[in-house]
Amino acid sequence: MQNSKWWQTGVIYQIYPRSYYDTNGDGIGDLRGITEKLDYLAWLGVDGVWISPFFVSLMEDFGYDVVDYCDVDPIFGTLEDFDRLIEKANSLDLKIILDLVPNHTSHEHPWFKESRSSRDNPKRDWYIWRDAKPNGDPPNNWRNMTTGTKDGSAWEWDETTEQYYLASFAAIQPDLNWRNPDVQTAINDVIRFWLERGASGFRIDMIDFLAKDPQFRDEETSSDPKHDYVANAKYHINQPETKAYVRAMKEILMDFPNALTIGEVGYHLSSQQLRDWSVGVLDIAFNFKLIHSPFEAVAIRSMVDDYDATIDTDGQPSYVIGNHDMPRPIKYGERQARLAAMLVLTLRGTPFIYYGDEIGMENVDVPLERRQDPHVVYETGKTRDECRTPMQWNSEDFAGFSSVEPWLPIGEHYSAINVEAAQNDPYSLLMLHRALIQLRKESHALQSGDYKPMDGTPSDCFAFYRTAGNQKVLVVLNFSGEKQSVDLSLADQNFEIKVSTQLNRKGQLESVTELQPYEGIVAVQIG
Ligand code: BGC
């Protein structure tokens, strides 16, 4: 598409670097491993690769607790390895997106060590320190987000200086004070550092937390056990200043025309709030609505209708079905995962693919003694380890990920579910991803065309058109475990099936089309 930025038409793939490919035999993935596998990603056809944090870290939250923003953790390699990664990515026309964690650092970051050393240290105000209430209680009722301690206070007591510091996530992740301009400058310098080294932008972690209420007012409480703290928070998050901080970050990006900002702005936001983040602030605000929607045609259609119309053409929509914090979409079933892939890769907006979802990697039941993630997902008692297990490359030992036992166990069915097997099977989920990505590349309508839902389909089906100029694509998806007949006579044009979820169907679309359980088709107008 002419005049579009790569991320407006492209597909972005997320890598959790600990689990992608281990080249130095320590059971943990590394940057060289990613570099070696870029050919695979180019073959798959993605345009951008977002890599979760690989900066120096204590690994208490596996990279989301940064100790040095401008260096590579030795577990992952060196800055030279990063340079080689960029070189190879450039040669394949792949963009590399980094993961910026601006809300908090590790408690072992030199800034925090200084800050906590005394009340009059020049870096004291780089973090958020408050006195205890007269009875010794924390300054307010704000909670931390590490759901293992869901009812826990966001304030941590510091014995040495006898004040509380704010840690909105785990206690080991003290919040930076974004109201201090020196903090803003320091993080903006980090942004420039990596852009100058060849990064093409940032996924920005927990961006809605940056500014806090200057009066530190209490949040409303509720006796309802289902009360959602984040969704109802008025003071702890989402303060108007945050958008100004992001605009200042964007100024730096102006010097780097290919670079983009993708913000993690919360799962609970309305379409209007997502629009407010994506128009004139971020380039893309993650839309997690698919992850949280029931896997049903009516619910998904109404979400898409509302979101697409609200974002409109001023902002860039996005769709996510998996990431390093959420159970993998295969939880719905293999056929359903195919349908989900077709949906995400054909809607209007930037699609995100989480590593391993393209081959249908399973959520691994990690035994208690091998757990790594300190963060227990409250409702299920599980951790996020289940979706972070090593990439399954082939059926050899340790799934071809490493030469030694990896940091997390390999999925039980790796000898069948792996990249090599999927590349040798023309009907695999991986080949479906590739076919959909290829079709997208060839189709202006899929890359950037309008979205228009089709009415009159059975209630378990969701059908929509994507149109650009005289190109028209029709997508029909059956979200039920039953066969469905869809009357397409109203479509009023001839369409040819280009891709079906089982990759076993081609040819002209009939006016009454029967879809198999959880089958989807993408058809292109031929006349
Ligand atoms: C990341 C998590 C991380 C948390 C704290 C989230 O947005 O996706 O993996 O634990 O932020 O940095």
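Numbers here simply count residues along the sequence, with the first being 1. When a ligand or atom number is given, it counts from 1 through the structure's own listing order.
Under the 3.5 Å distance criterion, with hydrogens and angles disregarded, a donor-acceptor pair is assigned to the side chains of Glu362 and His413. Side-chain N/O atoms of Glu156 and His107 include no donor and acceptor closer than 3.5 Å.
Side-chain contact check for Phe216 versus Tyr235: every heavy-atom pair is 4.5 Å or farther apart.
Looking from atom 9 (O) of ligand 1 to the surrounding protein, the closest heavy atom is Asp325 OD1, 2.8 Å. When only non-hydrogen protein atoms are considered, atom 11 (O) of ligand 1 lies nearest to Asp205 OD1, 2.9 Å. The protein heavy-atom contact nearest to atom 10 (O) of ligand 1 is Asp61 OD2, 2.6 Å.
Remark: distances from the non-hydrogen atoms of Arg203 to ligand 1 include one below 4.0 Å. Under the 4.0 angstrom criterion for non-hydrogen atoms, His375 is not in contact with ligand 1.
Comparing Met326, Met206, Arg384 against atom 2 (C) of ligand 1, the shortest heavy-atom distance belongs to Arg384.
Atoms of ligand 1 lying under 4.0 Å from at least one heavy atom of Glu264, given by number and element, are 6 (C), 7 (O), 8 (O). Under a 4.0 Å criterion applied to the non-hydrogen atoms of His104, ligand 1 contributes the atoms 5 (C), 12 (O). For ligand 1, the atoms lying closer than 4.0 Å to a non-hydrogen atom of Arg388 are 9 (O). The distance from ligand 1 to the heavy atoms of His324 drops below 4.0 Å at these ligand atoms: 1 (C), 2 (C), 8 (O), 9 (O).
Interatomic distance, CG of Asp65 versus CD1 of Ile172, reported as 4.5 Å (0.5 Å rounding). Here the straight-line distance linking atom CD1 of Ile237 with atom CE of Met206 works out to 9.0 Å at 0.5 Å rounding.
Of the candidates Trp129, Tyr127, Trp155, Tyr165 forms a side-chain contact (heavy atoms from CB on, under 4.5 Å) with just one, namely Trp129.
Taking the six-membered ring for Trp and thresholds of 30 and 60 degrees, Trp157 and Tyr164 have ring planes more than 60 degrees apart, a perpendicular arrangement.
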